[in-house]
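Below is one structure, written out as structure tokens; the observations come after it.
Chain naming here is simple, since letters A, B, ... match the order of the sequence lines and numbering starts at 1 in each.
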Amino acid sequence: MNYNHKEIEKKWQKYWDEHQTFKVDIDPSKPKYYILDMFPYPSGAGLHVGHPLGYIASDILSRYMRLKGYNVLHPMGYDAFGLPAEQYAIEHGVHPAVSTEKNINNYRRQLKLIGLSYDWSREFRTSDPKYYKWTQWAFLQMFKHWFNNKTQKAEPIETLIKEFEKNGNLQVDAACNPETPKFTAEEWKSFDERRKQEILMNYRIAYRSKATVNWCPELGTVLANDEVKDGLSIRGGYPVYQVDLDQWFLRTTAYAERLLKGLDEIDWPENVKQIQRNWIGRSEGAEVYFPVAGSEKQILIFTTRPDTIYGATFMVLAPEHEMVLEITTDDHRKEVEEYIDYVKRRSERERIAEVKNVTGVFTGAYAINPFTGHRIPIWIAEYVLKHYGTGAIMAVPAHDSRDYAFARKFGLPIIQVIEGADITAESYDDKHGKMINSGIINGLDVQEAIPKIIDEIEKRGLGKRKVNYRMRDAIFSRQRYWGEPFPIYYKDGIPYPLDESELPLELPDMDDFRPTKEGKPPLAKLETWKTKEGYPLETSTMPGFAGSSAYYIRFMDPHNDNALVSPEAIQYWRDVDFYIGGVEHAVGHLIYSRFWNKFLKDIGAVIEEEPFKKLVNQGMIQGRSNFVYRIKGTNTFVSKNVKDKYDTIKINVNVNIVNPQDDTLDIEQFMKSEVYRMIDDKSKVSEVKFILEKEVEKDGKIEYQETTLDDPQGKYVCGWEIEKMSKSKYNVVNPDDIIERYGADTFRLYEMFLGPITQSKPWNTQGIEGMHKFVKRFWSLYHDDNGNFVVVDEQPTEEELKILHKTLKKVSDDIQRLSFNTAISAFSTAVNQFMSLKTRKRAILEPLIIAFSPFAPHMAEEIWTKLGHEPSITYAQFPQIDEKYLKEDTVEYPVAFNGKKRFTIEVPVDYGEAEVKDLVLKHEKTSKYVEGKKIIKFIFVPKRMINIVVK
RNA sequence: GCCCGGGUGGCGGAAUCGGUAGACGCGCAUGGUUCAGGACCAUGUGGCCGCAAGGCCGUGCAGGUUCGACUCCUGUCCCGGGCACCA
């Protein structure tokens, strides 16, 4: 019998399961290597062929590293809490725990079918109380710590209390709420419990605060900024509004500097680093106080262009700025209040849609420009954001395009302070040029003016140097059911932490998990949601990213009930060496994880500053969609090449009823399954008509003619396009089907062969045939036509050894640089060569199968045992590469004349320039190109090429 | 608008350091095998001219540097992604 993938793959998957082949433990005698896939959110749809791309790549690397003697930690688990399961539950009445369980079982089945070498003993899901105990624990630690800016580290809140008792907060430099009042030790001691807790809350790393948040009424929850796009929720696409609510936050901004610096030390794709830098949004500048005319009040602004302060001709505050109503004069109050109201009602989406239409109103108040002494009007406008900087700006219309547009619209003065710019039609925003009209900095270049003016600002006590970040603290609560409960209870409305001994605080079972009509979380409906003393517990739950923030740590020691991770485990495994996943997590998960890890490092729970040393983003596998064309207003479908004279609409048709070779539609299947979805008047299914096409040759050219169903030459040809693979486009290819037909080994190889791992590329089911052929050819190196094992113990030839060692070298290099497609090419070349040499020798074929085993592990195991070894090939040793066989005796040099290659010449490898030159000049073909010409230069690049310049 | 990627045969892609462009595979063509289809095997396959030998052109486009450019530089077009009133 010949190669039977079904039998072999089943056999070895069972063996791996029963023997726990990939189970790892701490082993100080071996170097560790931690390879992690971004764990999946198990959706009901299961895996399509695009999902395993990254898993297969990391699996090949894992298996390769094992062969190289590393102790490889390669785990898998499930990110199981979150909105989709709950949304599904609400719509279908299935409890999220039930649907999650079902989906996980399906995912596990599919993953095992691919032959992925996970240590399944470490599997967990984030919705398991044993797991989320440690998510809650980490939250409690964040609640009990503050961030000391001086040490750039989290410290226990007790140290802060001690300092308050000693010196108040006058000498404290902490990441805290900017509105925290200053107080002395005496004042601190005089505060009551409520006041003390309120103040401490301003310092905690996990804290509760009223804040303007993205409220999505349709989902009944608050969303993080990265869960909102263009004013709509990413999940569901529902409108999102800005409202003030009490929320839990993580003080991620405290770590802004460390998050930024850390990026320089890690091996991540440059674009992901760039996205994170952008998101952190560091900018240097100054904070400056502008006094309000005729008042004691001052307005603090942030600017990155203090050099242009002499050109500041007005000020603008965010409409939500707390001083707006204080400074507004009575004759402008009505307008101002109306404007604030107008801004509040607008969703972010509307604001974005109207970027070019500048709006704003005058408050009636004036400020004094501290450098020019001029009275400048104070306006409010929605283009100034409450959350960035201080929520107030000095407007320099000559050198800022937004201020310029505003000044032009409202007729405000424009003063140029940088020489040479033409500001008649637009502002000059560049940071180059000489300062003019600028008092003490006149004549300086912008770059010199900035530090000088900041020095002056500081000297005069007007403000100070300031680094500002665009990043905001992460909102950490969701008004939903299916998430981790907070280990927090309320006494007199003040939040207190549960004792660690009470963890995990388990999510109670509920039947109706819809949010209440008033927008209260589902848990608020539970009478029993209280501590044993009867204090009410926090009713919101943690967001989706909570459970995924430290899961990589938990995999190091997944069943430890006494600690997140044991000291021995973290000491040994330390961090993730290789992390692979989609680029869509560039800011969400990957920022939160880095933050979480840094915090855990500060409290001594982990060792490394950065959690993921190397990151790779696999590309997307796109689908090939097919379309049918329906003539508008009818139930008639017209074939692609004859559709142009009709007014048609194209509709995605299920790719499984279209022949991938020529895109012809299976009309019978179509009538059975698809038609109903596509026609307008469902009662007229019986009237569905088709206009087919047939090819006709006319004057030597092929033309398409319309024809009907009863014409045997007639066919319905579908249109096609490369699109994202998704259920709604009916272009999903299921890995189960592919594996059933071709086997997991072929599937793995084909996914890798499609192209570079980081690149997106279309799935093409046609091509897999070629890969299947290759796998069978590989198998046939070891077997005859009747399936007999035919490997023999004979001495290999020099030629065979050369092919083997070159292949080993190439494959080894390619795996290390993640170039799996070229590694497979190398195997293909080698197999072709061994086939024609009829190589049957153990000394060649045994090393070859070891090297191939990361790619096609099932076949490799089978051959390995036939070669007489004990299973499993997993812990075999990667063959030694012998340099001796990589060297050639001769080099084939291309010989070019004036840069054009004319012929090649075979030269012994040890020939020097003089000998090669001699050979080339004597060569019969050379005369043709040098005849009647002069040789100007002879260029010889050893082992590369020869170029002769003639004239 | 700004910031990253990327444009190579009919298709997926290769060329790792400036040195033989198109490896490997799909598809296609021809032949063998077969009652036939399929499977398998062999050969060919960037374009143009040519029976051939050979020649010319060719990595989005236009220039430049170099003995030599897919690779480096300048400009430009197109495609994909990220950010976008961020002071």
Side-chain angles (χ1 to χ4, degrees), chain A residues 230 269-279 281-283 285 301-306 308 312 316 318 351-352 354-356 358 381-385 387-396 399-403 405-406 429 468-471 583-584 586-587 617 619 661 749-750 753-756 758-771 773-774 776-777 780 785 810 813-814 816-817 819 821-832 835 892-904 928 936-950:
Chain A
D230 298 339
E270 207 42 56
N271 64 321
V272 175
K273 288 190 185 182
Q274 206 53 47
I275 291 169
Q276 293 213 346
R277 285 190 191 109
N278 232 315
W279 195 80
R282 183 183 200 273
S283 53
I301 61 103
F302 172 73
T303 179
T304 57
R305 294 297 302 275
T308 62
V316 186
R351 288 173 73 156
I352 289 163
E354 277 185 73
V355 169
K356 289 205 181 90
V358 208
E382 61 178 338
Y383 86 86
V384 174
L385 305 174
H387 294 287
Y388 188 77
T390 60
I393 62 158
M394 65 171 198
V396 185
H399 304 291
D400 181 285
S401 55
R402 293 151 305 170
D403 298 346
F406 197 81
D429 295 14
N468 195 53
Y469 298 95
R470 183 151 59 203
M471 177 184 174
V583 71
E584 66 272 17
V587 281
N617 297 125
Q661 306 283 332
L749 283 159
Y750 186 58
F753 187 66
L754 278 172
T758 54
Q759 199 170 300
S760 288
K761 57 243 155 183
W763 175 265
N764 171 8
T765 300
Q766 271 178 61
I768 200 167
E769 296 277 355
M771 191 49 67
K773 210 152 70 178
F774 163 68
K776 285 190 283 188
R777 278 162 69 82
S780 70
D785 289 349
K810 171 83 178 144
D813 287 353
D814 282 354
Q816 282 167 56
R817 64 186 183 104
S819 182
N821 55 330
T822 53
I824 294 166
S825 291
F827 278 118
S828 178
T829 308
V831 169
N832 288 342
M835 285 294 271
E892 197 185 7
Y893 281 99
V895 181
F897 294 85
N898 291 342
K900 279 196 170 118
K901 189 201 118 189
R902 295 300 176 181
F903 59 89
T904 60
K928 185 171 158 190
I936 295 175
K937 214 168 173 182
F938 184 89
I939 294 146
F940 172 71
V941 185
K943 293 191 182 162
R944 286 276 182 209
M945 57 96 63
I946 292 155
N947 191 15
I948 300 160
V949 187
V950 295

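The partner of B/U66, taking Watson-Crick or G-U wobble pairs whose two distances both stay under 3.5 Å, does not exist in any strand shown. Under the Watson-Crick or G-U wobble criterion, with both distances below 3.5 Å, B/A36 is left unpaired in every strand shown. Both distances falling under 3.5 Å, in either a Watson-Crick or a G-U wobble arrangement, occur for no nucleotide opposite B/G22. Figure legend. B/C61 is base-paired to B/G75; pairs are counted as Watson-Crick or G-U wobble with both atom distances under 3.5 Å. Of all nucleotides present, none satisfies the Watson-Crick or G-U wobble test against B/A14 with each distance under 3.5 Å. Of the nucleotides present, B/G1 is the one that pairs with B/C83 by Watson-Crick or G-U wobble criteria, both distances under 3.5 Å. Partner assigned to B/U45 is B/G27, using Watson-Crick or G-U wobble distances below 3.5 angstrom.
Considering only side-chain N and O atoms, A/R902 lies nowhere under 4.0 angstrom from the phosphate OP1 or OP2 of B/G68. At least one side-chain nitrogen or oxygen of A/N832 sits closer than 4.0 Å to the OP1 or OP2 atom of B/G25. The side chain of A/S401 contributes no N or O atom lying less than 4.0 Å from OP1 or OP2 of B/G1.
B/G13 and B/G6 have their C1' atoms separated by 14 Å, with the value rounded to a whole Å. One C1' atom belongs to B/G60, the other to B/C78, and the distance between them is 7 Å to the nearest Å. If you take atom C1' in B/A69 and the same atom in B/G32, they sit 45 Å apart, rounded to whole Å. When the P atom is used for both B/U71 and B/G58, the distance is 13 Å, rounded to whole Å. A distance of about 48 Å separates the P atoms of B/G38 and B/G18, rounded to the whole Å. When the P atom is compared between B/C28 and B/C83, the two are found 42 Å apart, to the nearest whole Å. Across the C1' atoms, B/A36 and B/G44 are found 26 Å apart, a figure rounded to whole Å. For B/U74 and B/A21, the P atoms lie 26 Å apart once the distance is rounded to whole Å.
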statement: Quick tally for nucleotides 14-23 of chain B: nucleotides whose base has a protein heavy atom under 4.0 Å get B, sugar-phosphate-only ones S, the rest -, giving SSB--BB--B
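Listed by chain and residue number, nothing satisfies the ring-ring contact (aromatic ring centres under 6.0 Å, His included) test with A/Y388 (two or more places apart in sequence, or in another chain). Residues satisfying the ring-ring contact (aromatic ring centres under 6.0 Å, His included) criterion with A/F938, sequence neighbours excluded, are absent altogether. Take A/F753 and apply the ring-ring contact (aromatic ring centres under 6.0 Å, His included) test, not counting sequence neighbours, and it matches no residue. Remark: A/F827 engages A/F852, A/F855 in a ring-ring contact (aromatic ring centres under 6.0 Å, His included) (not counting sequence neighbours).
Base orientation of B/G9: syn, the glycosidic angle falling within 90° of 0. Using a 90° window around 0 for the glycosidic torsion, B/C17 falls inside it and is classed as syn.
For the pair A/I936 CD1 and B/G68 C1', the interatomic distance rounds to 15 Å; values are reported in whole Å. Separating the CD1 atom of A/I393 from the P atom of B/A87 is a distance of 11 Å, rounded to the nearest angstrom. Straight-line distance from the NZ atom of A/K761 to the C1' atom of B/C11: 15 Å, rounded to whole Å. For the pair A/K900 NZ and B/G68 C1', the computed distance is 12 Å after rounding to whole Å. A/F897 has its CZ atom 18 Å from the P atom of B/C67, to the nearest Å. Between A/K273 atom NZ and B/C3 atom C1' there is a gap of 16 Å when expressed in whole angstrom units. Note: CD1 (A/I275) to C1' (B/C83) measures 9 Å, nearest angstrom. Per the geometry, CG belonging to A/D429 stands 15 Å off C1' belonging to B/A84, to the nearest Å.
A donor-acceptor pair is defined here as one N or O able to donate and one able to accept, closer than 3.5 Å; such a pair exists between the side chain of A/K761 and the backbone of A/P756.
Tested against A/L749 for a side-chain contact (heavy atoms from CB on, under 4.5 Å), the candidates A/L754, A/I824, A/N821 yield a single pass: A/I824.
Note on A/D813 versus A/R817: no salt bridge recorded, every NZ/NE/NH1/NH2 to OD/OE distance being 4.0 Å or above.
The residue A/G770 sits close only to the backbone: its heavy atoms come under 4.0 Å of sugar-phosphate atoms, none of a base.
Remark: A/F897 CZ to A/I946 CD1 distance equals 9.0 Å, nearest 0.5 Å.
In this structure, the side chains of A/T822 and A/K810 come closer than 4.5 Å at one or more pairs of heavy atoms. For the pair A/Y383/A/I393, a side-chain contact is recorded, criterion being any heavy-atom separation below 4.5 Å from C-beta on.
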For nucleotides 36-46 of chain B, give me every protein contact, N/O to N/O, under 3.5 Å, one pair per line with atom names.
from  : atom 1 : to     : atom 2 : distance (Å)
B/C41 : OP1    : A/R777 : NH1    : 3.1

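Below 30°, between 30° and 60°, or above 60°: for A/Y750 and A/W763 the angle between ring planes is above 60°, a perpendicular geometry.
Heavy-atom distances to RNA chain B give each of A/N278 and A/I768 a nearest nucleotide, and the one nearer the 5′ end belongs to A/I768. If A/A392 and A/N764 are placed on RNA chain B by their nearest nucleotide, the residue sitting closer to the 5' end is A/N764.
Within 6.0 Å of atom CZ in A/R277, more than 12 heavy atoms from other residues, nucleotides or ligands are found, so the atom counts as buried in its surroundings.
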